[in-house]
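Each ligand, and each atom within it, is numbered from 1 in the order the structure gives.
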Amino acid sequence: MNPAPVITVDGPSGVGKGTVCQWLATQLGWPLLDSGALYRLTALAALRRNLQLEDEVGVAQVAAGLDVVFAPGDTGELQVILDGEEVSSAIRSETAGNAASRVAALPMVRAALLQRQRNFRQPPGLIADGRDMGTVVFPDAELKLFLTADAGERAQRRYKQLIEKGLNASLESLVKEIAERDERDVQRTAAPLKAAEDAEVLDTTRLNIAEVCQWALTLARKRQLVR
Ligand code: DC
């Protein structure tokens, strides 16, 4: 039996994958796998158990045993429940993001999360958001998208988001953080961030989000994944 179709969307932090994936998921009526959330959840759970983030065996055990539920909340937004506790905001913090990027470099942690991610592939189809969706998790995906943008532009976008939310932000430190995270995601030996050979690559530096969404939808139509 053919597995359900998957569209993978990979790329670096702050490139707009989340927005494009949510939009595609709504257009196609397919669920969304936010694989970054699994790495963030693993990091948060490990920190809460007072584990060292370098403790590969310990953190991989945490990843394998994650008690997590993704449930629609009252407003329709997906809530993330870890060990019975709502952690949707906690996993979005910079602390969780940085810790996630450290545990994501550990091969045993990646292996522990692999099957959990593949289990999301169910009819009618899946939109998979991450770094290695097209290269490692779903190498046989029907459509692979890879988004890029200059680090400076990604820092600007993140800065705008934070200011709009009324939060304090420094553009200078965002540029530094994004560059550091890119370096870690690209340089790691386990599933480094890179486009699959058969991925459609788009540089979004000078595009707005609507243009990127249209590009993705056009490709999905060409592959007859959507009418
Ligand atoms: O997309 P995000 O910012 O929520 O991801 C958090 C971290 O997890 C990021 O540093 C990269 C890592 N990650 C990964 O290594 N592989 C994935 N498929 C998704 C995220």
Would you be so kind as to tabulate the donor-acceptor pairs closer than 3.5 Å made by side chains of residues 12-22, with sequence neighbours excluded?
from	atom 1	to	atom 2	distance (Å)
S13	OG	R131	NH2	3.2
K17	NZ	G11	O	2.9

If you look only at distance, which donor and acceptor atoms sit under 3.5 Å apart when one is on a side chain in residues 34-51 and the other is two or more places apart or in another chain?
from	atom 1	to	atom 2	distance (Å)
D34	OD1	G36	N	3.3
D34	OD1	A37	N	3.2
D34	OD2	R92	NH2	3.0
S35	OG	D129	O	2.6
Y39	OH	R110	NH2	3.3
R40	NH1	I91	O	2.8
T42	OG1	L38	O	2.8
R48	NH1	E85	OE1	3.1
R49	NH1	A45	O	3.2

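Partner of F138 under the side chain to side chain contact (heavy atoms under 4.5 Å, CB included) criterion, chosen from I7, D132, L33: L33.
Between E211 and R206, no side-chain nitrogen of the basic residue sits less than 4.0 Å from a carboxylate oxygen of the acidic one, so the salt-bridge criterion is not met.
Using a heavy-atom distance under 4.0 Å as the criterion, the protein contacts of ligand 1 are S35, G36, Y39, R40, R92, A100, S101, A104, R110, G130, R131, D132, M133, R181, D185, R188.
A side chain to side chain donor-acceptor pair (under 3.5 Å) check over residues 161-180, counting only residues at least two apart or in different chains, returns the pairs R158-Q161, S170-S173.
Annotation for T205 and D203: closest pair OG1-OD1, 2.6 Å, computed over non-hydrogen atoms.
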